[in-house]
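Below is one structure, written out as structure tokens, with a few remarks after it.
The analysis underlying the following values was restricted to heavy atoms, covering all of them including side chains, and did not include hydrogens, waters or symmetry mates. Keep in mind that this is a model prediction, so the values were computed, not measured. Lettering follows sequence order; numbering is per chain, from 1.
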Number of protein chains: 2
Amino acid sequence: MEKNGKISSAVIRRLPKYYRYLGELKRMGVNKTSSRELSEMTGFSASQIRQDLNNFGGFGQQGFGYDVESLRFEIGKILGLDKKYKVIIVGAGNIGEAIANYTGFYEADYEVVSLFDKNPKLIGLSIRNAVIRDIDYIEEYLKAEKVDIAVICTPKSVCQQIAEKIVACGIKAIWNFAPKDLKMPEGVYVENVHLNESLFSLTYYYNKLKGE
Amino acid sequence: MEKNGKISSAVIRRLPKYYRYLGELKRMGVNKTSSRELSEMTGFSASQIRQDLNNFGGFGQQGFGYDVESLRFEIGKILGLDKKYKVIIVGAGNIGEAIANYTGFYEADYEVVSLFDKNPKLIGLSIRNAVIRDIDYIEEYLKAEKVDIAVICTPKSVCQQIAEKIVACGIKAIWNFAPKDLKMPEGVYVENVHLNESLFSLTYYYNKLKGE
DNA sequence: TAGATTGTTAATCGATTAACAATC
DNA sequence: TAGATTGTTAATCGATTAACAATC
């Protein structure tokens, strides 16, 4: 799909934003857009948007612009949103529960198939059709079921150990909400959502604003 | 504090990670560290770490390294973690509730003073000493109380409108969990936690791994 | 002192922006 | 056709890395 394998992560991280704004245009009934219009919406320069898209092929028409629906479809395909994903959530505490209820999963074909926790009071309960299972049986579960993505919402004291366990069972994609950098072997991708880093950055910029 | 006002955001976003690892070293009873050791822990190059720190002053000792406790303290001060912050959470649904229970606030002096929601079943309840109030009274509340940071956890359909309302009451720092880019006037800082963008990036890299 | 490691300047690398020919 | 806007190359900008003098 790509012209070469070296697309920078800065480009990849802009694609979801393009996808989202194209979805808004589509919902508004707009058929046609341009790099200039997308620039106004996203805040990225028109030149950068054209560069980004041309990493994956020419989706536009010279002199005309881009077809909203087909560009959205193509970006979705690049991101892999045309496929189905089975998701498990490890740790059914506050964050785990919130992620289980996260409606963003329905924007594409993600299915939360199970949660895992060690708290006996939680085991057996369900969140949106997904049962909370005993974390001691997670390996057994993963050997029986095909799972694409594991969301780690455990305390940081156990996240590394649990991550190693599920990776040994074949998990290759981890969405990590624990405030720790997981040390994983080659061939496993970890996407971190480090709330503490986000909050501290916000704090820095807030103080900077106040100081001016 | 800074040598000049143009510290890039890439630098700022690395500071919380230094702060976290220095905290770990401190907890382990390590007194002294070096850019080489921090490089091994964080994955950033030693050269980059020295460059980053020297944006704010010389915290090390040539030939020796860095004192763990004082470097941690200094980075904390740069980030503003030596000050107190009052936080409100707007939207007490799943994400709002999870954030209210977020223990990361206790790593520094953040206090969640109130939540706001429009759901009558939630109004009056408390989460960790913070009462959930009627969102219709948010302006009244903000006029009476000094609040530093507002966390937006509302549905995206109302986040822009609510953000405008609270900014008019003097809020200057927004931690935004709604999947939308808030359009805010100059002098307001918005830190976005866009879970959909994070999940879609993860999906891209997961597919890339599988394709290899 | 010798060894180690910072602070800082210079070199390199990569990402963004500008420019414009191609073409609808 | 004239106007508009892409696709793509070249120029610029900024961030990272390398190198090394300073110095503890």
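The distance from atom CG of A/L71 to atom C1' of D/dG7 is 14 Å, rounded to the nearest whole Å. Between the C1' atom of C/dA18 and the CZ atom of A/R36 lies a distance of 18 Å, rounded to the nearest Å. Between the P atom of C/dG14 and the NZ atom of A/K6 lies a distance of 9 Å, rounded to the nearest Å. Atom C1' of nucleotide C/dT6 and atom CG of B/L38 are separated by 13 Å, given to the nearest angstrom. The distance between atom CD of B/E40 and atom P of C/dT5, rounded to the nearest whole Å, is 11 Å. Atom pair B/I7:CD1 and D/dT16:P shows a separation of 13 Å (rounding to whole Å applied). Rounding to whole angstrom units, CD of residue B/E37 and P of C/dT6 are separated by 10 Å. Protein atom OH of B/Y66 is 8 Å distant from nucleotide atom C1' of C/dT5, rounded to whole Å.
Within the structure, a side-chain polar atom (N or O) of A/Q48 is placed less than 4.0 Å from OP1 or OP2 of C/dT16. Under 4.0 angstrom from either OP1 or OP2 of D/dT16 there lies no side-chain N or O belonging to B/S45.
Of all non-hydrogen atoms in A/K86 and A/V147, the two that sit nearest each other are O-CG1, 3.6 Å. When every heavy atom of A/W175 is checked against every heavy atom of B/S198, the shortest pair comes out as NE1-OG, 2.9 Å.
If you check every strand for non-hydrogen atoms under 4.0 Å, A/F44 touches nothing.
For a distance-only test at 3.5 Å, the side chain of A/Q62 fails to qualify as a donor-acceptor partner of the base of C/dT23.
Nearest to the side-chain atoms of A/S34 among the listed nucleotides C/dC20, D/dT5, D/dA19 stands D/dT5. In this structure, of D/dT8, C/dT8, D/dT16, it is D/dT16 that holds the atom nearest to the side chain of B/R14. Candidate nucleotides D/dT9, D/dA18, C/dT6 were compared by shortest atom distance to the side chain of A/Q51, and D/dT9 ranks first. Out of C/dC20, C/dT17, D/dT16, the shortest distance to the side chain of A/S47 is found at C/dT17. Closest to the side chain of B/Q61, from the set D/dC24, D/dT8, C/dT6, is D/dC24.
In a base pair of the Watson-Crick type (N1 to N3 plus N6-O4 or O6-N4) or a G-U wobble (N1-O2 and O6-N3), with each distance short of 3.5 Å, D/dA21 is matched with C/dT6. In this structure, C/dT12 and D/dA15 make a Watson-Crick or G-U wobble pair, each of the two defining distances being under 3.5 angstrom.
Cation-pi geometry between A/K32 and A/Y66 is not met: the NZ or CZ atom fails to fall both under 6.0 Å from the ring centre and inside 45° of the normal. For A/R133 and A/Y141, the positive end is not near the middle of the six-membered ring at less than 6.0 Å and at most 45° from its axis.
Sequence order on DNA chain C of the closest nucleotides to A/G63 and A/V11 puts A/V11 first from the 5' end.
Around CD of A/E69, the count of heavy atoms belonging to other residues, nucleotides or ligands within 6.0 Å does not exceed 12.
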